[in-house]
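First the structure, in the form of structure tokens, and then the observations on it.
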Number of protein chains: 2
Amino acid sequence: MIIQIDLSSDEPIYLQIRSQVVHGVATGELQAGDALPSVRSLATDLGVNMHTVNKAYAVLRDEGYVAMRRGRGVMVADRAASLTPEAHSLDRDRLADDLLKLALEHRARGGSREEFLSLAIEQAAAAYGVAPGTTPGTTSNPASNPTKR
Amino acid sequence: MIIQIDLSSDEPIYLQIRSQVVHGVATGELQAGDALPSVRSLATDLGVNMHTVNKAYAVLRDEGYVAMRRGRGVMVADRAASLTPEAHSLDRDRLADDLLKLALEHRARGGSREEFLSLAIEQAAAAYGVAPGTTPGTTSNPASNPTKR
DNA sequence: TAGTTGTTATAGTGCTACTAGAACAATTGG
DNA sequence: CCAATTGTTCTAGTAGCACTATAACAACTA
């Protein structure tokens, strides 16, 4: 998996790395067991410090996305195996919270509910890599997202 | 309008203030022309420094939500009047971007597209203060949101 | 004129992001 | 076993942001 960062971005480097790994997990480009570049090699590739990459990986480890073992490296974890119902409920609450914030700001800007929902449907389709109308299975829909952006 | 802050929160104080004003604008609790507490008085009420409130108001001014004039105070702006089509398009792009991020993270956590969309519909309804089934007008739906949370 | 308001300037504290160098411990492969 | 690689931990420094603190200045109101 190719990881790229934007040094001029406001977003911290370690969060950019995190986002891209999460993105890879979401699209299926990264499967459980896949090896990720080592802390040192990725740091060299990106031209950043070792500790910055280490922090990104540590966050991903705390979130259950990867497993780190010294001497062996970093690999994608089987997140489904370590998912407690409480954790899922927390994720759901956080998502609901974030969606509410977006909807409120959209309304404050004069946007309509319909516009918000049509964008939500559009972006959900992009994230899941399907046409907005279809109803695919939930599991594994590898990469292939020829969306704009 | 009553503004409250949580000093123990991770979110910066000035952004907490901003969010609550935006929330007020969204629900209609704050109408164009309404006066907001002065920088100094709100700072005293909240127990924070004047500059913290000033920064919050400055952000709101830059976003077009309020107008500040020295000697007179701060009032809610008529945002619709100062909304260029380009600005609206930018807002839309940002929202789409944020929604895509949320959808991708949701998928990375193993969540389904259907779950994401049902939450989006639910929270949009909460933000617009209507039952999820109805199709109300876009404009003015004052406060009244007896949702959980 | 006096009081209130936003505006600006300087300065200090604490925290986070990032960099830097170094050493240590577990694991792997020759 | 030995050397290389990997994650882990430590100390330390720079830069920027959030917040506080004083103070002065400028525009508006009563």
Side-chain angles (χ1 to χ4, degrees), chain A residues 1 3-22 30 32-78 82, chain B residues 1 3-22 30 32-78 82:
Chain A
M1 164 157 201
I3 294 178
Q4 288 174 330
I5 58 171
D6 176 11
L7 290 176
S8 67
S9 169
D10 297 339
E11 194 179 12
I13 298 171
Y14 80 100
L15 287 183
Q16 290 185 42
I17 297 172
R18 174 199 165 275
S19 292
Q20 294 194 40
V21 173
V22 170
L30 291 177
D34 285 358
L36 287 172
S38 74
V39 168
R40 284 178 178 81
S41 68
L42 181 56
T44 303
D45 289 353
L46 297 180
V48 301
N49 193 272
M50 184 191 70
H51 299 314
T52 305
V53 177
N54 196 344
K55 182 163 186 176
Y57 280 165
V59 170
L60 287 164
R61 186 230 301 135
D62 293 346
E63 293 177 332
Y65 286 112
V66 305
M68 312 173 75
R69 273 179 295 181
R70 65 177 144 193
R72 304 181 66 175
V74 184
M75 60 166 51
V76 180
D78 184 2
S82 62
Chain B
M1 166 158 199
I3 294 178
Q4 289 174 329
I5 58 171
D6 176 11
L7 290 176
S8 67
S9 169
D10 297 339
E11 194 180 10
I13 297 172
Y14 80 99
L15 288 183
Q16 290 185 42
I17 297 172
R18 174 200 167 274
S19 292
Q20 294 193 39
V21 173
V22 171
L30 291 177
D34 285 358
L36 287 172
S38 76
V39 168
R40 285 178 178 79
S41 68
L42 181 55
T44 303
D45 287 354
L46 297 179
V48 301
N49 192 272
M50 184 191 70
H51 294 84
T52 305
V53 176
N54 197 339
K55 182 163 187 178
Y57 280 164
V59 170
L60 287 164
R61 185 229 303 133
D62 293 345
E63 293 176 332
Y65 287 113
V66 305
M68 311 173 74
R69 272 179 296 182
R70 62 178 147 193
R72 306 181 66 176
V74 183
M75 60 166 50
V76 180
D78 185 3
S82 62

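Each chain gets a letter, A, B and so on, in the order the sequences are listed, and its residues count up from 1.
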*Taking the side chain as C-beta and beyond, is there a heavy-atom pair between A:I17 and A:L42 under 4.5 Å?*
yes
*asked:* From CG of A:L42 over to P of D:dG7, roughly how many Å is that when rounded to an integer?
replied: 10 Å
*Which residues satisfy the side-chain contact (heavy atoms from CB on, under 4.5 Å) test with A:R72, sequence neighbours excluded?*
A:R69
*Distance-minimising heavy-atom pair for B:A77 and B:A32*: O-CB, 3.8 Å
*salt bridge (charged side-chain N to carboxylate O under 4.0 Å, His left out) contacts in which one or both residues fall within residues 7-19 of chain B, not counting sequence neighbours*: A:E105-B:R18, B:R18-B:E63
*Report the residues that fulfil side-chain hydrogen bond (donor to acceptor under 3.5 Å, both in side chains) with A:S38, sequence neighbours left out, ordered by chain and then residue number.*
A:S41
_Taking Watson-Crick (N1-N3 plus N6-O4 or O6-N4) and G-U wobble (N1-O2, O6-N3), each under 3.5 Å, can you produce the dot-bracket string of DNA chain D? Use [ ] for crossing pairs and | for inter-strand ones._
||||||||||||||||||||||||||||||
Between protein and nucleic acid, restricted to nucleotides 13-15 of chain C and to nitrogen or oxygen atoms under 3.5 Å apart, what atom pairs and distances do you find?
none

*In whole angstrom, give the distance that lies between atom CE of A:M68 and atom C1' of D:dT5.*
14 Å
*Pairing residues for A:D6 by the side-chain contact (heavy atoms from CB on, under 4.5 Å) criterion, not counting sequence neighbours*: A:S8, A:S9, A:Q16
*Given atom CG of A:D10 and atom C1' of C:dA17, what is their separation to the nearest angstrom?*
13 Å
_Without decimals, in angstroms, what is the distance between A:L36 CG and D:dG7 C1'?_
14 Å
_Short side-chain N/O contact from A:S38 to OP1 or OP2 of D:dT5, under 4.0 Å_ = no
*Going 5' to 3' through nucleotides 17-30 of chain D, assign each nucleotide B (protein heavy atom under 4.0 Å from a base atom), S (under 4.0 Å only from sugar-phosphate atoms) or - (no protein heavy atom that close).*
-SSBBBBB-BBSS-
*Whole Å only: how far is the CG atom of A:N54 from the C1' atom of C:dA17?*
14 Å
Below 3.5 Å, can you tabulate the donor-acceptor pairs from side chains in residues 52-60 of chain B to any protein atom, sequence neighbours excluded?
unit_1	atom_1	unit_2	atom_2	d
B:Y57	OH	B:P37	O	2.8

Enumerate, atom names and distances included, each donor-acceptor pair closer than 3.5 Å involving a side-chain atom of residues 43-50 of chain A, sequence neighbours excluded.
unit_1	atom_1	unit_2	atom_2	d
A:T44	OG1	A:R40	O	3.0
A:N49	OD1	A:H51	N	2.9

*Nearest heavy-atom neighbours spanning B:M1 and B:Q20*: CE-O, 2.9 Å
*asked:* For a quick test of reading the model, state the closest non-hydrogen atom pair linking B:V21 to B:L30 and the distance between them.
replied: O-CD1, 3.7 Å
Do any N or O atoms of the protein come closer than 3.5 Å to N or O atoms of nucleotides 1-3 of chain D, and which pairs are they?
none

*Measure from CG on A:D6 to C1' on C:dC18 and round the result to the nearest Å.*
16 Å
